[in-house]
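Here the structure is a predicted model, which is why all the values come from computation and not from measurement. In what follows, every chain begins at residue 1, and chains take the letters A, B, ... in the order their sequences are listed.
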Amino acid sequence: MSDSVTKIYIPRDTTALAMGADRLAREIAAEAANRGETVEIIRNGSRGLFWLEPLVEVDTTAGRVAYGPVECKDIDSLFDQSFLLGENTHPLCQGLTEEIPYLKKQQRLTFARAGLTDPVSLDDYQQLDGFNGLKKALQIDGQAIVDEVKTSGLRGRGGAAFPTGIKWQTVLNANPGETGQKYIVCNADEGDSGTFADRMVMEADPYMLIEGMTIAGLAVGADQGYIYLRSEYPVAHQILNEAIAKAEHAGFLGTNILGSGKTFNLEVRLGAKAYICGEETSLLESLEGKRGMVRAKPPLPAIVGLFGQPTIVNNVLSLAAIPYILSNGGQAYADYGMGRSLGTLPFQLAGNIKQGGLIELAFGVTLRELLEEYGGGTFTGRPMRAVQVGGPLCAYLPESQWDTPMDYEAFQAIGAGLGHGGIVVFDDTVDMSEQARFSMEFCVAESCGKCTPCRIGSTRGVEVIDRIRNNENRAENMELLSDLCETMIDGSLCAMGGMTPFPVQSAVKYFPDDFDRQTQNSEGGA
Amino acid sequence: MTAVNEQMLPVVSEVISGLQHKPGALLPILHEIQNRLGYIPPESVPLIAEALNQSRADIHGVISFYHQFRTTAPGRHTVEVCRAEACQSMGARQLEAYAKATLGVDYHGTTSDQNITLEEVYCLGNCACSPSVRINDEIVGRVTPEKFDQLIDELRSQPLEVH
C-alpha cells in the first residue's frame, strides 16, 4: 500500500472551502505522512453535492469513492478503516461517486466535467474533450458557428431567455464603424440569492467559459472579451485569473490562437457590490468606468454596446454551453428539453433544504421532483411552505404550484419566472409579509435611481408594508400596495423596478394570512 | 488625518499611472487604491479626475454609487453578513442581530478597538450551506451564533502585524 501513490480529491470550490476544505486537506496530508502513506491531494472543483462538502474522493481501481461531509475529527477513523482503499465501512462513505443517485440521475452537458478535474489543469481539460469546440470553430466561418448556436435553441440564461443565436447574428451583422471593434462581454455578476451555477462553472471548469467566449469572438469577429465578475466571488476571481494566464501561455488565448492567426484577448473585471450591474446595460456602464445606471433600449447592446461598439453580452451559463454545442453539434443540444425551452438548465437548490446543490436536467422536470427527490425536504425538518424560484425578482410559489414543469413558458403562464434557475426553500416558520417587505427593501438598497417608479416606489413600498404589518388602515393600504406594484411594473425602465413587485404580489396572493396578523410588529429598517 | 492621507498620495499616483491606459480604467483604479490603502482617500479624487480627464464630481459619483468603495479607513478586518433570501431562510435575520449586538456596531461601523468593520452583503453564492459570512476574503458557511463568536475570537487573537 505505502509504495503506491493514492490520489485524493478535495475541492477548492467556495462552498467546500466555507465548510473547511483547506484545513481538512492540510490535516489529511499530515496524517498520511504520519502513517507513511504516499498520497497525492488534488484540489478539484465541486461536484455540486453541497450537503456532502467537504466531499473527499479516493481514486481506487473500482472508481472514485466518496466520503462526506468530512470533518477534521473524522480523519483518524477514515485512515483506520482503510479509506485509502475505498473501504465502505465508514459511516461517511457514500460509495462510488458516480453512483450517488443525486448525481447519477442528472443530465450533465454543461457540468459534465465539474468536480472531476483540477480546474486549472489544461491536461485534465483536454483529456475530457476540452477545446474540441474551439478546434471545430477554427475550421468554419463565423456564420456557420452562429448557425450551430441557432440550431441548439440555446436561450439566454440570465433570466430574459432571449435566443442566443439571434443575438449573435445581430452582432455578426452589425457594422462596427471605423475602429472595427466588437466585444464579447460575459455577465458573471450572479447576484440572485440561491444561484451559484455561474460560480461553479468559474471555479470548477473555467476553461469551458474561456473556450465559449473565444468561440463567440471567432463567430462575430471580436478580438476582446471581458468577464464582469462580482467582487463577492474571490475564489472564482483567483481561479479565472490562473486559468486565463495558463490558457494564454499554451496558445488557446491571445494572438495566433492554436496557430490560426486569429486573436482573442480576455480580461476579468471586478464589480463593486451593486446588484443592478447584473442588468446588461448597467453592466456595460460599469465596465466603462461609470455609475452602473441602466441605459434605455434601443439601441440594443448588440448594435451599440461596450464603448459604443457592437457587443455580445451573455451570461456565464450561456457561454459555457457553447463548447458542447460546437463540439457535438447544435442538434445534440436541442434534443434535450421541451417546447421552446431546449437543452438543459442547471437548477440550484438552496436555502432551507436538506440536500442543497446543483442539479443539471433537461427543461421539463417539475419543481416538486427537485424539492423532494433531490432536496429530500427541508434542512430544519419542518414542512416546506414557500419556494422562491428565479431569484429575488421572481415569485414565491405555494405548494399548489410545485407541480409546474420547469419550462420558461409554463412558468410564465403562472406569473412566475425561472430566472437563472435558483430555487430557495422556506419552511413553515417564514413570515411572508416580512419577505415581501424585504423585496422592497432590497430594491431601495440596489436601485440605480434612474427611474422614479423603482427609486421612489420601493421606498414607498417598504412604508406601506410596514403600515400593513402594523395593522394601520389595513384595507386601504393593501389597495395602495396593489396600485404601487402595478405602477412599478408598468413604469420602470428595467427588471429591477419592473419585477420587484412579483415576489410582493405573490406573497399577498398566496399567503394573505401573513398580512393580516393583529399582533405583528414591523421589524424596522436596517 | 489630512497629513496621513497625503502620505498615501504617492501610492495613489502609482496606481493611477499603472492602470490609466486601460479602457474603462476607473473601477480597476478604485479597486487597486482600496486594496492597497484599505479605502479611497478623498484627496485622491482630484488626481484620478485629472488623469482620466473627468470632473471630480464624476469620480465622486462613481465612488458613492458602489457599495464596496469607502472613503474612510476600515478596521483591520472586514466581516460581511449575508442578508439575502437563501440565508434568511436559515436564520440570517437572527444572525445579523447577533452580530450587531456582540460587536456593538451597526452595518458600516467599526468596533472601538478598530479591529472589525461590519458590513452587509447580498449573496456570497454559498446558498446551499446558509447562512454565510465573509471574513476578509474567506467565506464561511452554516454560521451559528456560536460559530460567529469563534470566528471573531480567532480574528481578535491574531497577532498584530509589525511593519
Side-chain angles (χ1 to χ4, degrees), chain A residues 14-15 17-19 50-51 53 190-196 198-199 230-236 267 269-275 286-293 306-307 348-353 356-358 379-380 388 392 422 424-427 430 434-435 438 442 445-446 448 523 526, chain B residues 22-32 34-35 48 52 54 58-69 80 82-93 96-97 100 106-107 119-134 136-143:
Chain A
T14 292
T15 296
L17 295 176
M19 301 308 287
F50 286 136
W51 80 99
E53 295 290 5
E190 180 178 56
D192 288 352
S193 182
T195 62
F196 41 76
D198 291 356
R199 177 179 69 67
R230 62 203 312 261
S231 60
E232 290 87 340
Y233 284 180
V235 178
E267 185 182 336
R269 286 287 177 90
L270 277 187
K273 287 175 90 176
Y275 177 78
S286 185
L287 260 181
E288 290 181 5
K290 301 171 189 162
R291 293 161 72 95
M293 294 178 80
L306 185 63
F307 302 114
Q348 298 129 82
L349 261 186
N352 195 333
I353 190 84
L358 181 122
F379 184 84
T380 46
Q388 189 174 31
V424 177
V425 179
F426 291 80
D427 73 12
V430 67
E434 198 169 43
Q435 296 312 118
F438 178 79
F442 182 63
E446 299 296 334
C448 84
E523 180 191 74
Chain B
K22 279 181 180 278
L26 183 52
L27 259 66
I29 288 172
L30 296 176
H31 271 298
E32 188 58 20
Q34 187 155 307
N35 279 347
I48 302 169
L52 298 183
Q54 287 182 271
D58 284 335
I59 308 302
H60 173 76
V62 171
I63 294 171
S64 57
F65 181 84
Y66 294 95
H67 299 305
Q68 180 148 3
F69 298 131
E80 296 167 89
C82 182
R83 299 193 65 205
E85 286 87 347
C87 285
Q88 288 168 12
S89 75
M90 288 294 288
R93 286 199 176 87
E96 285 180 78
K100 289 177 185 177
D106 202 342
Y107 285 128
E119 296 285 350
E120 58 197 326
V121 63
Y122 294 97
C123 198
L124 295 164
N126 189 38
C127 319
C129 292
S130 301
S132 301
V133 161
R134 176 172 170 180
N136 302 320
D137 262 357
E138 189 187 345
I139 292 159
V140 187
R142 298 251 187 260
V143 181

Answer yes if the side chains of B/Asn126 and A/Thr14 hold a donor-acceptor pair under 3.5 Å, and no otherwise. no
Please tell me if the side chains of B/Glu85 and A/Phe426 come closer than 4.5 Å, counting only heavy atoms from C-beta onward. yes
Dump the intermediate steps for side chain to side chain contact (heavy atoms under 4.5 Å, CB included) on A/Lys273 and B/Val121, then the final yes or no. CA-CA 8 Å; A/Lys273 287 175 90 176; B/Val121 63; 4.1 Å; yes
What part of B/Ser132 gets closer than 4.5 Å to chain A, counting heavy atoms only: side chain, backbone, both or neither? neither
Just so I understand: if I count every heavy-atom pair under 4.5 Å between each of A/Arg291, A/Glu190, A/Glu232 and chain B, which residue has the most? A/Arg291
Does any heavy atom of chain B fall under 4.5 Å from the side chain of A/Ala236, the backbone, both, or neither of them? neither
Dump the intermediate steps for side chain to side chain contact (heavy atoms under 4.5 Å, CB included) on B/Arg93 and A/Phe438, then the final yes or no. CA-CA 11 Å; B/Arg93 286 199 176 87; A/Phe438 178 79; 3.9 Å; yes
Specify which of A/Ser231, A/Gly357, A/Pro392, A/Gly292 makes the most heavy-atom pairs with chain B at under 4.5 Å. A/Gly292
A/Asn352 backbone acceptor or donor facing B/Ser89 side chain under 3.5 Å: yes
So what's closer than 4.5 Å to chain A heavy atoms on B/Glu80: side chain, backbone, both or neither? side chain
Is there a side-chain contact between B/Lys22 and A/Glu267, using heavy atoms and a 4.5 Å cut-off? yes
Side chains of B/Cys127 and A/Thr195: does their closest heavy-atom pair fall under 4.5 Å? no
Of all of A/Ala274, A/Gly191, A/Gly194, A/Gly356, which one pairs up most often with chain B through heavy atoms under 4.5 Å apart? A/Gly194
Ranking A/Val430, A/Leu270, A/Leu349 by heavy-atom pairs under 4.5 Å to chain B gives rank one to A/Leu270
Would you check if there is a donor-acceptor pair between the side chains of A/Glu434 and B/Gln88 at a distance under 3.5 Å? no
Hey, does A/Glu446 have a side-chain heavy atom less than 4.5 Å from the side chain of B/Tyr122? yes
Look up atom CG in B/Leu124 and atom OG1 in A/Thr15, then write down how far apart they are to the nearest 0.5 Å. 10.0 Å
Could you check whether any side-chain heavy atom of B/Arg134 comes within less than 4.5 Å of a side-chain heavy atom of A/Pro234, counting everything from C-beta outward? yes
Report yes if the side chains of B/Phe65 and A/Ser286 come closer than 4.5 Å at any heavy-atom pair, otherwise no. no
Structural part of B/Pro28 lying under 4.5 Å from a heavy atom of chain A: side chain
Axial cation check for A/Phe379 ring with B/Arg142, 6.0 Å and 45° limits: yes
Side chain, backbone, both or neither: which part of A/Asp192 has an atom under 4.5 Å from a heavy atom of chain B? backbone
Using every non-hydrogen atom in the two residues, find where B/Cys129 and A/Phe50 come nearest and quote the distance to one decimal. SG-O, 3.7 Å
Please confirm whether the backbone N or O of A/Arg269 pairs with a side-chain atom of B/His31, one donor and one acceptor, at under 3.5 Å? no
Any B/Gln68 side-chain heavy atom under 4.5 Å of A/Arg230 side chain: no
Is A/Val425 close to chain B through its backbone or its side chain, or both, or neither, when contacts mean heavy atoms under 4.5 Å? backbone
Looking at chain A, which one of B/Gly125, B/Gly141, B/Cys82 has the largest number of heavy-atom pairs inside 4.5 Å, strictly under? B/Gly125
Got a second to check how far B/Ile139's CD1 is from A/Tyr233's OH, nearest 0.5 Å? 8.5 Å
Under 4.5 Å from any heavy atom of chain B, what part of A/Glu288 do you find: side chain, backbone, both or neither? backbone
